[in-house]
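Working notes for the structure below.
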2 protein chains.
Amino acid sequence: MPRVSEQYRTNRRAEILVAAARLFATNGFHSTSMADIISASGLSAGAVYRYFRSKEELIGAVAERALSAADEVFAELLADGATPSFEQALTAILEAISGRIADDPVIGTDLTRIGVQVWAEALRNPELAARAGAAYQRLRGHFAEVARRRQAAGLLAADAVPEQVGAAMLSLVQGFILQRLLVAGTDTAGYLAGVRALLAPAPLGAGR
Amino acid sequence: MPRVSEQYRTNRRAEILVAAARLFATNGFHSTSMADIISASGLSAGAVYRYFRSKEELIGAVAERALSAADEVFAELLADGATPSFEQALTAILEAISGRIADDPVIGTDLTRIGVQVWAEALRNPELAARAGAAYQRLRGHFAEVARRRQAAGLLAADAVPEQVGAAMLSLVQGFILQRLLVAGTDTAGYLAGVRALLAPAPLGAGR
């Protein structure tokens with residue numbers, strides 16, 4: 001094996017990831033084999049396995065792209081001790097989803113389609129289930145931090161549990177991903193308007 | 001073909017549905033063939049095809065069970081012109097999900113696992129996509145009716161769009177289904193507490 005530069009390795013790794021993600025998005029995780037990925041990448045089996053030992057590792061790398069995008073959104077939202085509203089947090093993350101995550105500039109495919117495939121596959125694949133569970137804990141944690149700051153500022157009830165509020169916020173993201181793909185007419189602006197109306201206090205101080 | 005009673009037909013149909021649903025829940029929709037279903041049902045191929053012409057029809061029948069359960073929940077909630085709160089509506093539907101839908105007494109399996117499989121499969125199967133889209137329009141419509149009544153009672157802003165609020169409510173259901181299956185420690189009571197905190201007005205009338 002010749003000595004290769006770091007740049008060479010980064011490029012090969014990206015090529016394999018792009019080939020795999022396109023197959024996952026088109027044919028589903030289950031129907032895509034390592035042989036398909038090797039063939040689509042144009043590299044040798046040995047070369048591909050040097051970077052990724054399994055489909056699960058490849059899905060992990062794809063998920064990491066989407067999660068990193070979410071991490072960046074929250075890093076910006078929470079910078080300098082800011083206390084964003086739930087609506088601000090959700091707007092920023094849904095815009096990232098319908099933007100760079102649904103239309104990833106490097107992968108060139110809709111990563112949310114792969115996400116939905118992984119949900120299904122995780123029900124029968126313990127390794128994927130563990131990866132998905134960890135990913136959602138991480139996202140929930142970001143939303144929980146928003147809740148924690150709002151609580152510290154007296155804007156969320158003192159007895160609310162931030163992780164529980166984070167779970168509900170995460171649902172508003174997962175449901176958006178799903179409805180955007182499956183229910184005709186679901187658009188980001190309309191969806192956010194619905195969330196805003198749901199989270200808004202009742203008019204005239206009426207009880208909810 | 002001998003003349004058969006209505007009861008006989010109902011029983012045969014239920015047997016096939018149970019066999020199919022168990023296979024879908026265990027192996028996934030994609031990995032289950034009509035031949036598998038015929039074999040598991042113990043009936044002849046001709047008998048099975050007399051009731052269901054395809055896997056898609058079988059999924060439709062399984063989905064119809066879950067949707068009927070949801071219809072009943074909303075029929076009760078909305079009876080006599082009632083105006084339930086969003087929290088009441090969500091509590092009733094999540095209790096139905098973690099009760100009779102996740103533990104269907106006839107099918108004997110968790111219908112939510114089948115739902116997640118269908119989400120993924122619908123991305124590559126236009127017939128399933130149309131069925132899933134229609135099912136979610138129906139559920140969204142129930143939540144939209146709750147929003148409409150709250151709006152009529154002055155409890156929801158006059159400029160809110162009920163269908164959009166329904167989409168956000170539906171997300172809180174879809175996310176619950178997913179997190180219940182994939183994120184350890186997700187329980188109905190804790191999840192509802194998180195939703196309640198998210199929907200509650202800010203303490204002391206502070207801005208949100």
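We name chains A, B, ... by the order of the sequence lines, and we start the count at 1 in each one.
- For residues 58-70 of chain B, the pairs satisfying salt bridge (charged side-chain N to carboxylate O under 4.0 Å, His left out) are Glu64(B)-Arg138(B), Arg65(B)-Asp104(B), with sequence neighbours left out.
- By the ring-ring contact (aromatic ring centres under 6.0 Å, His included) test, Phe52(A) is found to be paired with no residue, residues two or more places apart in sequence or in another chain being considered.
- Among Ala134(A), Ser171(A), Ala184(A), the residue with the largest count of heavy-atom pairs under 4.5 Å with chain B is Ser171(A).
- The salt bridge (charged side-chain N to carboxylate O under 4.0 Å, His left out) contacts involving residues 172-194 of chain B comprise Asp110(B)-Arg180(B), where partners must be two or more places apart or lie in separate chains.
- Options Tyr191(A), Tyr136(A), Trp119(A) differ in how many heavy-atom pairs under 4.5 Å they form with chain B, and the most are formed by Trp119(A).
- Residue with the most contacts toward chain A among Val161(B), Leu178(B), Val165(B), Leu156(B): Leu178(B) (heavy-atom pairs, distance under 4.5 Å).
- Highest contact tally toward chain A, considering only Ala129(B), Ala167(B), Ala132(B), Gly133(B), is held by Ala167(B) [criterion: heavy-atom pairs under 4.5 Å].
- Residues of residues 24-35 of chain B placed with any heavy atom under 4.5 Å of a heavy atom in chain A are listed by number as Thr26(B), Asn27(B), Gly28(B), His30(B), Ser31(B).
- Both the backbone and the side chain of Gln164(B) come within less than 4.5 Å of a heavy atom in chain A.
- Comparing Ala120(B), Ala193(B), Ala157(B) by heavy-atom pairs within less than 4.5 Å of chain A, the highest count is held by Ala120(B).
- A donor-acceptor pair under 3.5 Å links the side-chain atoms of Thr186(A) to the main chain of Gln179(A), judged by distance alone.
- With a 4.5 Å cut-off on side-chain heavy atoms, Leu182(B) and Leu123(A) count as touching.
- With respect to chain A, the highest number of heavy-atom pairs below 4.5 Å among Arg113(B), Glu87(B), Arg124(B) belongs to Arg124(B).
- For the pair Pro84(B) and Arg150(B), the minimum side-chain heavy-atom distance is 4.5 Å or more.
- The line from CG of Leu199(A) to CG of Leu199(B) is 6.5 Å long, rounded to the nearest 0.5 Å.
- Heavy atoms closer than 4.5 Å to chain A are found in both the backbone and the side chain of Leu170(B).
- Taking 4.5 Å as the limit, every side-chain heavy atom of Phe176(B) sits out of range of all side-chain heavy atoms of Ile93(B).
- Both the backbone and the side chain of Val195(B) come within less than 4.5 Å of a heavy atom in chain A.
- With respect to chain A, the highest number of heavy-atom pairs below 4.5 Å among Gly115(B), Ala153(B), Pro162(B), Gly190(B) belongs to Gly190(B).
- At distances below 3.5 Å, not a single donor-acceptor pair connects side-chain atoms of Arg12(A) with backbone N or O atoms of Ala47(A).
- With a 4.5 Å cut-off on non-hydrogen atoms, Arg140(B) touches chain A through its side chain but not through its backbone.
- Within the 4.5 Å cutoff, the side chain of Val62(B) has no heavy atoms near those of the Val118(B) side chain.
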Next item on the list: Check step by step if salt bridge (Lys or Arg N to Asp or Glu O under 4.0 Å) holds for Arg100(A) and Glu72(A).
Entry: CA-CA 12 Å; Arg100(A) 60 204 272 207; Glu72(A) 283 170 30; 2.8 Å; yes

